[in-house]
Every structure is written in structure tokens, then in C-alpha cells.
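Here's the structure, in C-alpha cells; my notes come after.
These numbers were taken from a predicted model, which means no experiment stands behind them. Numbers restart at 1 for each chain; the letters A, B, ... are given by sequence-line order, proteins then strands.
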2 protein chains.
Amino acid sequence: MDVKVLSKGEATRERLLDLAEKAVLQKGFGATTIEELIAAAGLTKSGFFYHFRDKNDLAQALLRRYIQRHNDIIDDMFVRSAELTDDPLQGFLIGLKFFADMLADLPNTHPGCIVASFCYQDQQFSRDIRDLNGDGIRAWRAQIHVRLEEIAKRYPPRAGVEIEALADMCTAIVEGGIILSRTLDEKQMLARQVMAYRNYVKLAFEARVEA
Amino acid sequence: MDVKVLSKGEATRERLLDLAEKAVLQKGFGATTIEELIAAAGLTKSGFFYHFRDKNDLAQALLRRYIQRHNDIIDDMFVRSAELTDDPLQGFLIGLKFFADMLADLPNTHPGCIVASFCYQDQQFSRDIRDLNGDGIRAWRAQIHVRLEEIAKRYPPRAGVEIEALADMCTAIVEGGIILSRTLDEKQMLARQVMAYRNYVKLAFEARVEA
DNA sequence: ATAAGTACTGTACCAGCGGTGCACTTCTCA
DNA sequence: TGAGAAGTGCACCGCTGGTACAGTACTTAT
């Protein structure tokens with residue numbers, strides 16, 4: 001883990017983003033006030049506008065940071081699993097298990113996904129933020145799609161299985177799982193859904209190897 | 001179809017709810033202003049507060065109506081499919097196909113789910129609205145779970161398949177599929193995800209019947 | 001025809017919010 | 001020690017949600 005040394009300004013900016021992320025995931029962007037953020041961060045309104053041009057600028061920074069972090073997490077997961085096996089199917093299944101374990105180890109229910117949150121509030125954002133949101137999902141989807149293609153080269157998928165849809169399903173399961181886990185307040189829901197998806201991948205590619 | 005005759009007041013109320021639903025799904029509840037609703041509905045602020053005690057009351061009405069409507073849609077889907085076959089597995093698969101077809105026939109991308117939208121903004125609502133949201137998801141999940149149990153009685157599920165998780169997966173796929181379809185602006189995404197889920201159900205219960 | 005609701009309108013008002021502008025100060029680090 | 005980074009303080013604007021309440025037009029049962 002590289003612990004970046006932050007300048008004072010960067011630290012304040014990060015603190016504001018942390019507070020904003022938490023608030024946005026709980027109340028939505030529109031209901032999150034600059035007033036409450038600066039009160040919690042302990043600075044003045046002028047201080048806030050020193051760091052962000054306006055609220056839209058905050059949204060953009062929030063989204064960029066979130067997407068970047070998550071790409072890194074997924075990368076890391078698959079890099080680690082690739083170190084354990086050369087088989088693309090096994091590697092993918094191990095990566096999903098790592099992912100599920102990580103989700104299961106969270107102290108509380110998953111805090112939520114900024115991309116999903118913004119998706120349901122996109123008309124209050126500028127065009128570039130909506131594009132950024134799409135790019136985030138597309139990057140995620142591409143990481144999975146490329147791996148499923150590798151798997152499909154070696155193991156012919158069973159009838160009815162479409163690789164593209166299977167790749168998108170992973171993202172859908174995570175986003176949907178977060179919503180279920182939050183709405184029902186069931187902490188283990190998300191990890192279980194990821195494991196259910198993992199089982200589908202197994203069934204989709206393993207010819208008839210029954211344990 | 002029972003076309004209810006609405007009194008003038010009820011009609012206005014419905015008009016406000018229609019406008020609010022559309023706006024909330026696009027901008028979020030917090031960013032939806034009463035001002036814009038009354039402007040579009042062609043009445044005054046006093047008129048709005050005649051129908052709804054406050055904004056929270058509007059949220060509650062919105063949610064109740066949405067959940068009610070969707071329960072009816074799912075019911076209808078499975079009732080129609082049950083008329084075509086006695087086999088619970090075939091019935092469920094036909095129901096899912098109906099559902100996917102219905103989604104594919106929508107003129108635009110799916111407008112979004114109020115429950116999911118509220119889930120990402122729940123801290124601005126009162127306790128009872130959050131509970132209502134959970135009840136909505138639970139009702140949906142229960143409708144599917146009971147059917148999967150029926151299926152599992154007749155067809156033993158394959159190794160690794162958990163009935164509860166499979167039931168929740170249906171909801172997760174739909175909620176996640178809506179997010180993908182909106183974020184990527186891909187109209188056919190949601191229906192494809194439902195069909196992918198349907199395929200998983202097939203694989204999960206059909207022993208080794210390969211077409 | 002009339003009376004009792006129902007479904008509003010009009011007006012006045014308040015606090016909180018996002019946002020702007022600008023002069024000023026303090027802190028940090030090379 | 002000096003320059004730029006990281007703020008503070010204050011004054012101000014328009015919009016929004018929300019409250020309060022008096023008045024009015026439309027509808028419908030008797």
C-alpha cells in the first residue's frame with residue numbers, strides 16, 4: 001500500500017470528499033448541503049469554494065475518485081488470482097471469491113455505489129458527469145468481458161449463455177445486490193449474490209464436472 | 001382493464017404523482033421541486049398542499065402507488081403463465097419470458113425504479129417510508145421465492161444452487177439491469193439480463209437436458 | 001334551490017440553501 | 001523570509017420548502 005503524503009490542502013479536499021461521499025450515498029446529491037459538509041469539516045463556505053468551483057465540481061471529483069478506486073480494486077483482485085493459477089476459468093472464479101470475501105468482511109452493509117446513486121439523479125448533472133458515469137461502468141464491464149472471452153476460448157459455454165450478457169450480469173448483480181442489501185438491511189446479501197453469480201459462471205462453463 | 005372513474009381531485013392528485021415520479025427518477029427526490037410540479041400541473045402552491053401534507057407525504061404516496069402497481073404486474077405475469085402449463089419450472093420460465101418481452105417492448109429505456117431511487121436517498125425520509133421500501137422488495141422477493149420452492153420440490157437443484165439466493169438474484173438482476181440500461185443508455189440491456197437470469201434458472205434445475 | 005363540502009386561488013411571510021464577489025489573514029514550505 | 005497556498009469574514013442575491021389563513025369557484029346530494 002502506497003501511503004501518499006498529502007499536503008494540507010489535499011488533505012482538506014479529501015476530507016470534504018469523504019464527508020460528501022457518505023452524505024450523498026445516504027441522502028442523495030441534491031439533499032446534501034454544502035453547509036453541512038463545511039460544518040462537519042470545520043471550515044467556512046469560502047473555504048469550500050476555494051477547493052471546488054461549485055457543487056457540480058464536487059460531484060465530478062467525487063465520481064472520478066470513486067471510479068478510480070474501484071478500477072484499482074478489481075484489477076488487484078484479478079492480478080492476485082492470476083498469481084494462483086494459469087487457467088482463466090479458475091482464475092476468474094478465485095477472483096470472484098476474493099471479491100465476495102472482501103464484501104463479507106465489510107464492518108457494515110455496503111455503503112453504496114456512487115455511480116448507481118448518480119444514475120438515479122443524473123438530470124441534475126452536466127453532460128460530462130453523465131458521460132463519466134457511463135465510462136465508469138464501461139471500464140468495469142470491459143475488465144470482466146475480456147476475462148470471460150479468455151475462458152470461452154478454452155471452455156465452450158453451454159447453450160443459451162451469451163458472453164456479453166454474462167459480463168454485464170456481474171455488474172448488474174453487484175449494483176442490484178447493493179440495493180437489496182441496503183433496502184433489506186441484510187449485510188451478507190451482497191456477498192451471497194456474488195457467490196450466486198460465481199456459481200452461474202461455473203455452470204455456464206463447466207461441461208458436466210459435478211463435485 | 002378496469003378504468004376507474006376519477007373525481008376531479010383524484011385526477012389532479014394522480015397528475016401530480018405522475019409528474020413527481022418522472023422527475024424523481026431523473027433528478028432524485030431532493031432535487032425535485034414542488035415549484036416545478038405545480039408549474040407543470042397548472043396549479044398553485046396552495047393547491048399542492050391541499051393534496052399533500054408536505055413533501056414527505058408526496059414521497060409516501062409515490063412509493064405506495066409504485067409498489068402496488070408492480071406487485072400487480074408480477075402477479076399478472078405469473079397468473080398468465082400458470083394458465084399455459086402445470087409444470088412449475090416451465091411456468092416460471094414462461095413468466096420470465098413474458099417479463100422480458102414486456103421490458104423489451106417499452107418505447108424507451110426503463111424509466112427506473114422508485115424503490116431503488118429511494119434506497120439511495122433514504123436518510124431524507126422518515127422511518128415509515130424506509131420500512132415501506134423494504135416491504136416492497138420483500139413482497140417481490142416472496143412472490144419469486146415461493147415459486148422457486150415449488151420448482152425445487154419437483155426438480156432437485158444442481159450443486160451450489162441456493163433457492164433463497166436465486167430468488168433474490170431475480171430482484172438484483174432487475175435493479176442492476178435498470179442501472180446498467182440507464183447508465184449506458186442501452187435500451188435492450190434490461191430484457192437481456194432478465195433472459196440471462198432465466199437461462200441460469202434453466203441450468204440450475206434442468207439436470208442435463210441439452211437442446 | 002340551497003347548502004355543504006371539495007378543490008382549489010391569492011397573498012404574505014420565513015429560514016435555509018447555493019452561489020458570487022472581494023478584501024483580508026494565516027499558514028506552510030522552499 | 002518571502003511567496004504562494006489555504007483559508008476567513010462579510011455582504012448580498014434569488015430560489016425553495018414550508019406555514020398560515022382568508023377567500024372563492026365548482027360539484028353534488030337533498
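- Residues passing the ring-ring contact (aromatic ring centres under 6.0 Å, His included) test with B/Phe99, sequence neighbours excluded: none.
- Screening A/Leu62, A/Leu16, A/Thr32, A/Leu63 for a side chain to side chain contact (heavy atoms under 4.5 Å, CB included) involving A/Glu21 leaves a single residue, A/Leu62.
- Side-chain contact, A/Asp87 with A/Thr85: no donor N or O sits under 3.5 Å from an acceptor N or O.
- Remark: A/Glu150 engages A/Lys153 in a salt bridge, criterion side-chain N to carboxylate O under 4.0 Å.
- Between A/Tyr200 and B/Tyr200, the ring centre distance stays below 6.0 Å.
- Using a 3.5 Å distance cut-off with no hydrogens or angles, the side chains of B/Ser117 and B/Gln121 do pair a donor with an acceptor.
- Only at 4.0 angstrom or more do the heavy atoms of residues 18-36 of chain B sit from any atom of DNA chain C, so none qualifies.
- Taking 4.0 Å as the cutoff to heavy atoms of chain A, we find the contact window on DNA chain D bounded by D/dA5 to D/dC10.
- Sorted by first and then second residue, the ring-ring contact (aromatic ring centres under 6.0 Å, His included) pairs involving residues 64-83 of chain A (not counting sequence neighbours) are A/Tyr66-A/His70, A/Phe78-A/Phe92.
- B/Arg138 CZ: more than 12 foreign heavy atoms inside a 6.0 Å radius.
- In this view, B/Phe125 and B/Phe29, B/Phe118 satisfy the ring-ring contact (aromatic ring centres under 6.0 Å, His included) rule, not counting sequence neighbours.
- Close approach of DNA chain C to chain B, defined as any atom under 4.0 Å from a non-hydrogen atom of the protein, starts and stops at C/dT6 to C/dT11.
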